[in-house]
Every structure is written in structure tokens, then in C-alpha cells.
Amino acid sequence: MKCPFCFFIESKVIDSRPTDEGAKIRRRRECLGCEKRFTTYEIIETAPIMVVKKDKTREAFDRGKLLAGLTRACEKRPISVAQLEEAADAIQQSILNTMERETLSSRVGELAMEKLKAIDEVAYVRFASVYREFKDVNSFMDELKGILENRK
């Protein structure tokens, strides 16, 4: 495993333990070059899920891209990285549970909005405003009215 600090190729495993109910293995490593420690995760490799985008092109599902979108929506909000990681994990698991090799990007977006709505309404509105491409203030206000009605 390449060291993220000095890029030396070899490292030794200091500690291993299962995480996420055995779905991943967390490994604490020490670089044999610079002796700094870092963490890696080992997961089972599955066939990639392809995401069908609006323009009908396909690309492999990228959890990092999903997490980046969630993070952007939650900037300057009191939401921990752990909450965002859990949301990304739940969305990914939901997609994997369908047992289909392809999913629509709209499905991924809807799942993301569901998770954000449960975590933080402001983050949800931010994400929805980009995802749903609100054309004007009225469509934005309609979304806000829907949130307020659900509160009551």
C-alpha cells in the first residue's frame, strides 16, 4: 500500500479490525519509509453499478462523487463528516440492494434528497435547488412550502 505522505510502496499492518458490521476491514498501517501511520479500508469488490444520466450516457457509480455533492450541500452547517459518510453508505447500500446493474441518476438524487431532508432541511434545500434545477423563485418557494406543510 502506497504511503500517502512519502509515497513509499511498502508498509506494515499494525492493527486490523472489522467495521460496518463486518462489511469492511479497517487496517492501521505504518510506512516502512517515513514511519508515519495511516488508515486503509478493505472492502469486497463487486461488479460496478452503472448510473444512467439524463443524457442517457452511463458512468460507474462513484461514492466519492456522491459524498462530494452531499458535502457541498452541507457546507457551513452543523453536520459531521460521520453523518455524511453514513448517508453515503446508506444510499450506496440502497442502490446495491436493488440487485440491478444499472440505476438512474434521478434515483441517486432522490435518495440523496431523502437522506439530507432527514439530516438538515437547509442542506436539503441547497441540494434540491441544484438537483431539481429550479427555474425561478416560485418553484423554489413551492419546495419550501412543501417542507413547511410537512412540519405541521
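No hydrogens, no waters, no symmetry mates; every other heavy atom, side chains included, goes into these values.
- Under a 3.5 Å cut-off, the side chain of Asp120 and the backbone N or O of Ala123 do form a donor-acceptor pair.
- No single ILVMFWY cluster, assembled from side-chain heavy atoms under 4.5 Å apart, contains both Leu111 and Leu104.
- Using modelled atom types, one finds a donor on one side chain and an acceptor on the other under 3.5 Å when comparing Ser16 with Arg27.
- At a threshold of 4.0 Å, the pair Asp89-Arg63 counts as salt-bridged, since one of the basic side-chain nitrogens sits closer than that to a carboxylate oxygen.
- Nearest heavy atom pair, residue Ala87 against residue Leu70, reads CB-CD1, 4.3 Å.
- Remark: Lys36 does not engage Glu30 in a salt bridge, criterion side-chain N to carboxylate O under 4.0 Å.
- Clustering ILVMFWY residues whenever any of their side-chain heavy atoms sit less than 4.5 angstrom apart, transitively, puts Phe61 in the very cluster that holds Leu96.
- Within 6.0 Å of the CD atom in Glu110, the count of heavy atoms belonging to other residues, nucleotides or ligands exceeds 12.
- Within the model, atoms OG of Ser11 and NZ of Lys2 stand 12.0 Å from one another, a figure rounded to the nearest 0.5 Å.
- Heavy atoms of other residues, nucleotides or ligands lying less than 6.0 angstrom from CZ of Arg107 number 12 at most.
- Under the 4.0 Å criterion applied to side-chain N and carboxylate O atoms, Lys53 and Glu59 are assigned as salt-bridge partners.
- In this structure, Val122 is not a member of the same hydrophobic cluster as Ile79, with clusters built from ILVMFWY side-chain heavy atoms closer than 4.5 Å.
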Next item on the list: Would you check, one step at a time, whether the test salt bridge (Lys or Arg N to Asp or Glu O under 4.0 Å) holds for Arg58 with Glu102?
Entry: CA-CA 9 Å; Arg58 287 165 170 72; Glu102 290 187 341; 2.6 Å; yes
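- Residues Arg101 and Met50 fail the side-chain proximity criterion, which asks for heavy atoms closer than 4.5 Å.
- By the rule that hydrophobic residues join a cluster once side-chain heavy atoms approach within less than 4.5 Å of another member, Met113 and Ile91 end up as members of one cluster.
- The main-chain N or O of Leu67 is found under 3.5 Å from a side-chain atom of Thr71 such that the two form a donor-acceptor pair.
- Judged purely by distance below 3.5 Å, without hydrogens or angles, the side chains of Arg26 and Thr19 never pair a donor atom with an acceptor atom.
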